[in-house]
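A short worksheet on the structure shown next.
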Number of protein chains: 2
Amino acid sequence: MSNIQDVAALAQVSTATASRALSRPEMVADGTRKRVMKAAQQLGYQPNVMARSLRQRESRTVGLIVADILNPFHALLAKGVQDTAEQQGYVTLLFNSDEQPEKEARAINTLRGHLLQGLIVVPTSGTRDHLKALPKLPVVELDRVSGNPQASTVTVDNVSGARAATAHLTGLGHTRIGMIVGQQNISTGVDRYAGYRAGLESAGLAYDPALVRSGHHREDDGHRAALELLASPDVQRPTALFVGNNEMTVGAVLAARELGLRIPEDLSIVGFDDSRWAQTMSPPLTVVAQPAYELGVHACEQLFSLLHGAGRAARVQLPTELIIRHSTGPPPDF
Amino acid sequence: MSNIQDVAALAQVSTATASRALSRPEMVADGTRKRVMKAAQQLGYQPNVMARSLRQRESRTVGLIVADILNPFHALLAKGVQDTAEQQGYVTLLFNSDEQPEKEARAINTLRGHLLQGLIVVPTSGTRDHLKALPKLPVVELDRVSGNPQASTVTVDNVSGARAATAHLTGLGHTRIGMIVGQQNISTGVDRYAGYRAGLESAGLAYDPALVRSGHHREDDGHRAALELLASPDVQRPTALFVGNNEMTVGAVLAARELGLRIPEDLSIVGFDDSRWAQTMSPPLTVVAQPAYELGVHACEQLFSLLHGAGRAARVQLPTELIIRHSTGPPPDF
DNA sequence: ATGAAAGCGCTAACAT
DNA sequence: ATGTTAGCGCTTTCAT
């Protein structure tokens with residue numbers, strides 16, 4: 001590939017002038033600028049970002065670590081981030097933590113070597129520690145918070161979302177409402193659980209720990225948890241289930257089907273996070289929808305404002321929206 | 001961040017020795033190696049990849065351009081590629097073309113600046129042209145082929161897959177089988193269409209252009225196309241539909257539902273590409289499944305063998321698998 | 001407005 | 001086995 005020296009030679013100027021013509025056009029005479037441009041054009045010149053980064057000591061690179069790009073929610077986050085970064089001329093280095101702190105640590109190290117200028121991360125339980133190693137780096141935590149007090153965060157109002165879901169269910173007359181909660185060392189897990197309990201309380205319903213099962217975030221966990229919850233005899237079985245994330249909801253729905261439970265006649269289900277799957281399953285699923293793409297966009301914007309020195313750490317919180325479809329209805333009467 | 005000079009100083013050696021101790025341990029005395037290691041450890045030293053790439057003139061970076069990370073098939077491709085690249089110590093720069101040749105061209109240019117060592121691309125209609133600008137670059141085309149004769153390709157046997165789908169339908173007794181085909185300037189679109197026609201022919205069925213609609217790849221297109229195809233009066237309406245990709249299949253199923261057609265009693269549907277959605281919709285969808293993750297892995301392996309000079313351009317083709325679920329059955333009798 | 005020259009951090013000759 | 005030095009491609013003083 002041709003370099004700026006080739007361009008300079010072809011345009012009959014020094015490399016300094018060529019460089020200026022390309023990146024600070026106003027500092028160069030009209031005629032020379034045109035010559036340089038033309039030469040660059042002819043040679044198909046593309047600046048070497050390695051060299052530029054090395055010299056300028058900034059890489060125009062942001063790091064992004066999501067849990068798993070195969071999860072549509074995370075894919076949406078990633079696209080929101082990446083589209084926004086691209087508009088600003090930044091490149092995004094994407095990694096999956098697969099919810100494993102060690103993978104996250106490796107990703108962070110790789111990113112360090114690339115002199116990332118900022119990091120957007122969907123934290124795992126290890127994030128807070130890992131970030132201590134890079135105290136000067138602008139960081140935005142996305143979707144979840146690690147507990148690091150000085151990090152910027154962009155999340156959804158999980159407590160309200162979960163409360164709305166629960167209130168919807170109590171409003172329909174349910175009194176035995178189960179929940180499948182996510183990991184309690186992840187903020188969304190605890191917040192949604194808190195919202196559920198708050199919703200119960202608002203409705204004057206007693207909290208019954210027997211109605212709650214926890215899982216990691218995977219479909220399997222949701223399946224197993226639902227099976228346990230729904231295996232009880234009819235009189236004790238919950239008449240409604242609130243599931244803490246999208247993957248586990250799939251498992252729960254499948255479990256209900258296996259048990260021959262009709263939705264919503266025998267069992268109402270509300271999931272957290274919308275998806276195509278939720279929209280097209282039958283019956284269409286009532287969900288707490290999250291503005292996933294916007295979450296990514298906001299995180300990236302927040303990061304850039306940190307990068308440009310404008311504004312300090314902030315905590316952005318976006319609203320959720322309860323979308324009532326057909327997986328919820330009044331409880332069966334005994 | 002500390003650099004190799006800091007490490008060298010702390011370990012009381014020259015930078016050359018420090019560098020060797022870190023990347024060619026065998027060239028250095030045991031004692032010094034340990035001192036350097038320890039110093040690096042203490043300082044949390046992470047080599048600056050910009051500087052290293054600049055010097056070595058290789059970036060350990062591969063480019064990956066998929067159509068859209070939001071499409072689960074493409075997310076799976078991406079993860080296969082990225083996991084494999086990571087194992088080899090390469091970083092993946094991921095871009096979405098969103099099926100737009102111009103976006104692809106931009107991505108390629110950005111990648112050029114990053115001195116990518118190889119490119120894996122799910123081609124758009126413009127790829128062949130765009131690649132002419134970088135004749136020396138190892139390229140693997142993934143999922144689709146651009147027509148560039150010297151590119152390596154990793155694809156699925158689309159013709160056989162489509163033929164199997166069609167044969168399944170004819171085997172059930174269908175004689176009026178419609179198809180919603182993808183863009184005919186994309187290889188998967190033409191191959192699946194060819195497979196459909198071959199399947200018809202094997203069964204001794206006449207090809208009827210009135211039973212075919214084309215669309216881009218989007219859900220909307222599938223929806224519109226299915227509406228057109230299914231709006232015909234009962235006697236003419238196809239009794240089965242083969243849809244050329246996952247997104248359009250969603251649209252087609254939704255259209256069938258809107259028209260009150262029962263699946264599979266009134267209409268059988270086969271989709272191309274499996275997905276969670278296909279598995280959990282009701283009835284579960286019969287599909288031509290593709291080994292998406294493996295496709296990504298193979299593409300990356302292929303690229304590395306190109307990179308290491310081993311082997312020339314190759315054309316890897318993986319098999320598809322027809323998964324018969326419950327969206328297909330015998331045609332209704334009139 | 002332009003050019004000469006230094007230097008970002010690293011590694012690979014080339015000494016010793 | 002270790003050190004000295006040059007140079008990857010670029011931008012940015014500092015001169016002119």
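Just so it is clear, the model here is predicted, and its values are computed rather than measured. A note on names: the letters A, B, ... follow the listed sequences, proteins ahead of strands, and every chain is numbered from 1. We use all heavy atoms of the structure for the numbers below, so side chains are in, but hydrogens, waters and symmetry mates are not.
Between the side chain of B/Arg144 and the backbone N or O of B/Pro123 there is at least one donor-acceptor pair closer than 3.5 Å. A donor-acceptor contact shorter than 3.5 Å is absent between the side chain of A/Thr61 and the backbone of A/Leu116.
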Step by step, would you call A/Glu104 with A/Thr127 a side chain to side chain donor-acceptor pair (under 3.5 Å)? CA-CA 8 Å; A/Glu104 183 186 81; A/Thr127 305; 2.7 Å; yes

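You'll find that the side chain of A/Leu54 is closest to C/dC8, out of C/dC10, C/dC8, D/dT4. For A/Ser19, the side-chain atoms get nearest to D/dT12 when compared with the rest of D/dC8, D/dT12, D/dG3.
Look at CD on A/Glu58: it is 9 Å from P on D/dT12, rounded to the nearest Å. The interatomic distance linking B/Leu22 (CG) with C/dA12 (P) rounds to 13 Å, in whole Å. What separates CD1 of B/Ile4 from C1' of C/dG9 is a distance of 8 Å, to the nearest Å. Taking atom CG of residue A/Asn3 and atom C1' of nucleotide D/dT11, one finds them 14 Å apart after rounding to whole Å. Across the protein-nucleic acid pair, B/Met50 atom CE and C/dC8 atom C1' stand 12 Å apart, rounded to whole Å. For the pair B/Asp30 CG and D/dT2 P, the computed distance is 10 Å after rounding to whole Å. Between B/Asn48 atom CG and C/dC10 atom C1' the separation is 8 Å, expressed in whole Å. Remark: P of C/dA1 and CZ of A/Arg20 are 10 Å apart, rounded to the nearest angstrom.
At the heavy-atom level, A/Arg33 lies nowhere under 4.0 Å from the strands shown. Among the atoms of the strands shown, only primed sugar atoms or phosphate atoms (P, OP1, OP2) are found under 4.0 Å from some heavy atom of B/Thr32. Nucleic acid contact for B/Ala16: base, since at least one base atom lies under 4.0 Å from a heavy atom of the residue. The residue B/Met27 sits close to a base: some heavy atom pair falls under 4.0 Å. Residue contacts shown for B/Val13 are limited to sugar-phosphate atoms, with no base heavy atom under 4.0 Å away.
Within the model, atoms CG of A/Leu77 and CD1 of A/Ile120 stand 10.0 Å from one another, a figure rounded to the nearest 0.5 Å. Here the CD-OG1 distance, from A/Gln290 to A/Thr155, works out to 9.5 Å after rounding to the nearest 0.5 Å. For the atom pair A/Leu115 CG and A/Gln56 CD, the distance stands at 12.5 Å (nearest 0.5 Å).
Contact annotation: B/Thr17 side-chain N/O to D/dG3 OP1/OP2 distance is under 4.0 Å. Phosphate contact (OP1/OP2 of C/dC8, side-chain N/O of A/Arg52, threshold under 4.0 Å): absent. Applying the 4.0 Å criterion to OP1 and OP2 of C/dG7, one finds that A/Arg57 has every side-chain N and O outside that range. Contact annotation: B/Gln56 reaches the phosphate of C/dA12 (side-chain N/O to OP1 or OP2, under 4.0 Å).
Each of B/Ala51 and B/Ser14 has a nearest nucleotide on DNA chain D; the 5'-most of these lies closest to B/Ser14. Between B/Arg55 and A/Arg55, it is A/Arg55 whose nearest contact on DNA chain C lies nearer the 5' terminus. Of the residues near DNA chain D, A/Pro47 and B/Ala18, the one whose nearest nucleotide (by heavy atom distance) lies more toward the 5' end is B/Ala18.
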